[in-house]
Student: 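Below is a structure I'd like to ask you about.
Within every chain, numbering begins at 1; the chains are lettered A, B, ... in the order of the sequence lines, protein sequences first and strands thereafter. Bear in mind that the values here come from a model prediction, so they are computed numbers and not experimental data.
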Amino acid sequence: MHDIRWIRENAEAFDAGLARRGLDPIAKKVLEADARRRATRTKVQEAKNRRNGLSEQIGAARRRGEEASALVAEVGGLKDLIRDSEAEERRLDAGIEELLSPLPNLPADDAPDGFDETANVEVRRVGEPPRFDFDAQDHVDLGAALGMMDFEAAARISGARFVVLEGGLARLERALANFMLDVQTEEFGYRETKPPSLVRDAAAYGTGQLPKFAGDLFRTEDGYWLIPTAEVPLTNLAGGRILAEDDLPIRRVACTPCYRSEAGAAGKDTRGMIRQHEFTKVELVAIAHPDRSDEELEYMTGCAEAILKRLGLAYRVVALGCGDLGFSARKTYDIEVWLPGQDAYREISSCSNCGDFQARRMDARFRPGGQPRGTRFAHTLNGSGLAVGRALIAVVENYQRADGAVVVPEVLRPYMGSLEVIRAGG
RNA sequence: GGAGGGGUGGCCGAGUGGUCGAAGGCGCGCGCUUGGAGAGCGCGUGUACGCUUGCGUACCGUGGGUUCGAAUCCCACCCCCUCCGCCA
């Protein structure tokens, strides 16, 4: 949600920010509605001021045992005015909410200009893609040959865009999740958190999924939303609260299932488990001081990269162009891992600084220390650390052998009962 | 699913029609005290908005209603808790 006062004072910058996202200017419309609302508010307040004064006189007169019917008649004339003006004020409030709530966050100054993927800027490239002296297969063929990845079985019980993992690959997924959680909690200061996977409207609104992206989510019959990412519950844990400045940053990590109804709607990535309705993700969230959220984004991105480094996977970090930014983000780094099966770098993590955009929506504030009054909105950040399903793909494809077996990366072996190679029949 | 109880400021908790933006406590800030800390004492401490630099308005879960006037009375809704039932 945008700060109406900021728009008032920075109308041109506001429209310029929207333009960088490829959106039409709207400040003029917003400010006109805002002016009408303020005029109405003033009218209401003046009427109430008169009413309150008269009511006080009535009370005083009655306590003295005096007649007050003249005063009562006078204040009675204000009732309609107040009721109608208040209704008008609420209508204008709703109108402004309707204008502002679908608007995405403004890009950070240092987010690259441009409207599509070609605008993305590669920040760094780490590690070398493996070279195979045989024809490398993708994870679908490898998984099928191992007898551990079954899309047909999943389709029978759930339909398209689901997968059944079995045996060594099922265990590999669990090992990856546990490895990621342990690194983030033990080395980087994230507090392990196990949030609900179903949330209410207010939470989905707080992180920006609602009202605009309801169609991307699954919803239960009794009105819960299935989380598309643990960002939703983790970030909302700070909602409606006033935190202590000394407690910032608050860093949390969670491994949850993620549910996306939109996955595959565009017909992209129809093969394999790149894009699924349900997948596992280890998510990082930070509630940060506004003055330090930029450095927190760098820190968080480094925490996600650490996982790839230790898994020995080649990757690159890309700063997203304005047009590619998510709804709530002001700056985003995507981390793309090398997938031999696709002969390409593919997104495995996305780390974003949302500034105070989500904090306003969910009312996440902190009280600056050393002063008894006043609050400020916190900044919120989130990043995958990492998408577990895609990490599994990456391991399978990068660690494949000519015989179709998959070598278990060393850091995962303690999580796999010291298993060194995943073979068919295992 | 059945029955009951309850939502008040950063937190706890009083308050049944005007003197309530709201007692008291905790916490927090400043000061006194101390070698220092603590205790103790004193003072101060909600948020948002509007017009204007001092006022005004709103907010006691949300929205309606009654009334000259609502935290307080009425209605609807949301949420939380307890007990019973069911259940991983």
Student: Determine the interatomic distance between C1' on B/A3 and the same-named atom on B/C86; round to the nearest Å.
Tutor: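 The same atom, C1', in both gives a distance of 16 Å.
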Student: For B/G24, which nucleotide is its Watson-Crick or G-U wobble mate, given both distances must be under 3.5 Å?
Tutor: B/C12
Student: Heavy-atom nearest nucleotide on RNA chain B for A/Asp34 versus A/Glu86: which residue maps closer to 5'?
Tutor: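 On the 5' side of the pair lies A/Asp34.
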Student: Hey, is CZ on A/Arg241 packed in by over 12 heavy atoms from elsewhere, all under 6.0 Å?
Tutor: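 Counting other residues, nucleotides and ligands, CZ of A/Arg241 stays at 12 neighbours or fewer.
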Student: With rounding to whole Å, what would you report as the distance between B/G27 and B/G9 at their C1' atoms?
Tutor: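 One C1' to the other, the span is 13 Å.
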Student: Taking only side-chain N and O atoms of A/Arg50, does any of them lie within less than 4.0 angstrom of OP1 or OP2 on B/G56?
Tutor: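 Result: no.
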Student: Expressed as a whole number of Å, how far does the C1' atom of B/G15 sit from that of B/G7?
Tutor: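 These two C1' atoms come out 15 Å apart once rounded.
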Student: Strictly below 4.0 Å, heavy-atom distances to any atom of RNA chain B: list the hits from residues 36-49 of chain A, or just say none.
Tutor: A/Arg38, A/Arg41, A/Thr42, A/Gln45, A/Lys48, A/Asn49
Student: Would you mind reading off the distance between A/Ile82 atom CD1 and B/G50 atom P, rounded to a whole angstrom?
Tutor: 20 Å
Student: Take a 6.0 Å sphere around CZ of A/Arg191 and say whether it holds more than 12 heavy atoms from other residues, nucleotides or ligands.
Tutor: no
Student: Considering Watson-Crick and G-U wobble pairs with both distances under 3.5 Å, what does B/G85 pair with?
Tutor: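 The base-pairing partner of B/G85, which may sit in any strand shown, does not exist here.
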Student: Find out whether the Lys NZ or Arg CZ of A/Arg174 is both under 6.0 angstrom from the six-membered ring centre of A/Tyr415 and within 45° of the ring's axis.
Tutor: no
Student: May I have the distance from A/Asp222 (atom CG) to B/C78 (atom C1'), rounded to whole angstrom?
Tutor: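 Nearest whole value for this atom pair: 15 Å.
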Student: If the threshold is 4.0 Å, N to carboxylate O, is there a salt bridge linking A/Glu187 and A/Arg310?
Tutor: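 A salt bridge is present here (some side-chain N lies under 4.0 Å from a carboxylate O).
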Student: Looking only at atom P, what distance separates B/G36 and B/G24, rounded to whole Å?
Tutor: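 Their P atoms lie roughly 32 Å apart.
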Student: Quick test of your reading of the model: are A/Arg156 and A/Glu152 salt-bridged, counting only N-O distances below 4.0 Å?
Tutor: no
Student: Are there more than 12 heavy atoms of other residues, nucleotides or ligands under 6.0 Å from atom CD of A/Glu298?
Tutor: yes
Student: Does NZ belonging to A/Lys309 count more than 12 external heavy atoms closer than 6.0 Å?
Tutor: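 Yes.
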Student: So what does A/Arg360 hit on the nucleic acid, given a heavy-atom distance under 4.0 Å: a base, only sugar-phosphate, or nothing?
Tutor: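 Nothing: the residue A/Arg360, judged by heavy atoms under 4.0 Å, touches no strand.
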Student: Determine which nucleotide pairs with B/C79, using a 3.5 Å limit on both distances of a Watson-Crick or G-U wobble pair.
Tutor: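 WC or wobble partner is B/G6.
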Student: Output a table of nitrogen or oxygen pairs between the protein and nucleotides 67-72 of chain B separated by less than 3.5 Å.
Tutor:
from  : atom 1 : to      : atom 2 : distance (Å)
B/C68 : O2'    : A/Ser55 : OG     : 3.0
B/C68 : N4     : A/Arg62 : NH1    : 2.8
B/G69 : O4'    : A/Ser55 : OG     : 3.2

Student: Measuring only between side-chain heavy atoms, which start at C-beta, is A/Arg260 closer than 4.5 Å to A/Phe218?
Tutor: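 No. Closest side-chain heavy atoms not under 4.5 Å.
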Student: Does atom CZ (A/Phe377) have a neighbourhood of more than 12 heavy atoms from anything else shown, all under 6.0 Å?
Tutor: yes
Student: Should A/Lys29 and A/Glu32 count as an ion pair when the cut-off is N to O under 4.0 Å?
Tutor: no
Student: Sticking with atom C1', work out how far B/U33 lies from B/U82, rounded to a whole angstrom.
Tutor: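 That atom pair is separated by 49 Å.
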Student: Expressed in whole Å, how much space separates the P atoms belonging to B/C26 and B/C77?
Tutor: 41 Å
Student: Select base, sugar-phosphate, or nothing to describe what A/Arg90 touches, counting heavy atoms under 4.0 Å on all strands.
Tutor: sugar-phosphate
Student: Roughly how many Å is it from CG in A/Asp247 to P in B/C28, rounded to a whole number?
Tutor: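 After rounding, the gap between these two atoms is 13 Å.
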Student: So what's B/G69 paired with, Watson-Crick or G-U wobble, going by both distances under 3.5 Å?
Tutor: none
Student: If you count every heavy atom of other residues, nucleotides or ligands that lies below 6.0 Å from A/Glu56 atom CD, does the total exceed 12?
Tutor: no
Student: Provide, to the nearest angstrom, the distance between the CZ atom belonging to A/Arg367 and the P atom belonging to B/A48.
Tutor: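 Computing the A/Arg367:CZ to B/A48:P distance gives 10 Å.
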Student: Which whole number of Å gives the distance between the P atom of B/U72 and that of B/C60?
Tutor: 8 Å
Student: Return the value, rounded to whole Å, for the distance between atom CG of A/Asp93 and atom P of B/U62.
Tutor: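 Distance, rounded to whole Å: 15 Å.
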Student: Would you say that A/Thr380 contacts A/Val285 through its side chain, given a criterion of any heavy-atom pair below 4.5 Å between the two side chains?
Tutor: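 Answer no - side chains too far apart.
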Student: Which base, if any, makes a Watson-Crick or G-U wobble pair with B/C43, both distances under 3.5 Å?
Tutor: B/G29
Student: B/U57 pairs with which nucleotide, Watson-Crick or G-U wobble, both distances below 3.5 Å?
Tutor: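 B/U57 is paired, partner B/A48.
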Student: Regarding A/Gln57 and A/Glu74, is there a side-chain donor-to-acceptor distance under 3.5 Å anywhere?
Tutor: no
Student: Heavy-atom contacts under 4.0 Å between residues 195-212 of chain A and RNA chain B, which residues?
Tutor: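 Heavy-atom contacts with RNA chain B come from A/Arg200.
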Student: Rounded to whole angstrom, note down the P distance from B/U53 over to B/G21.
Tutor: 26 Å
Student: Using whole Å, report how far CZ of A/Arg241 lies from C1' of B/G46.
Tutor: 17 Å
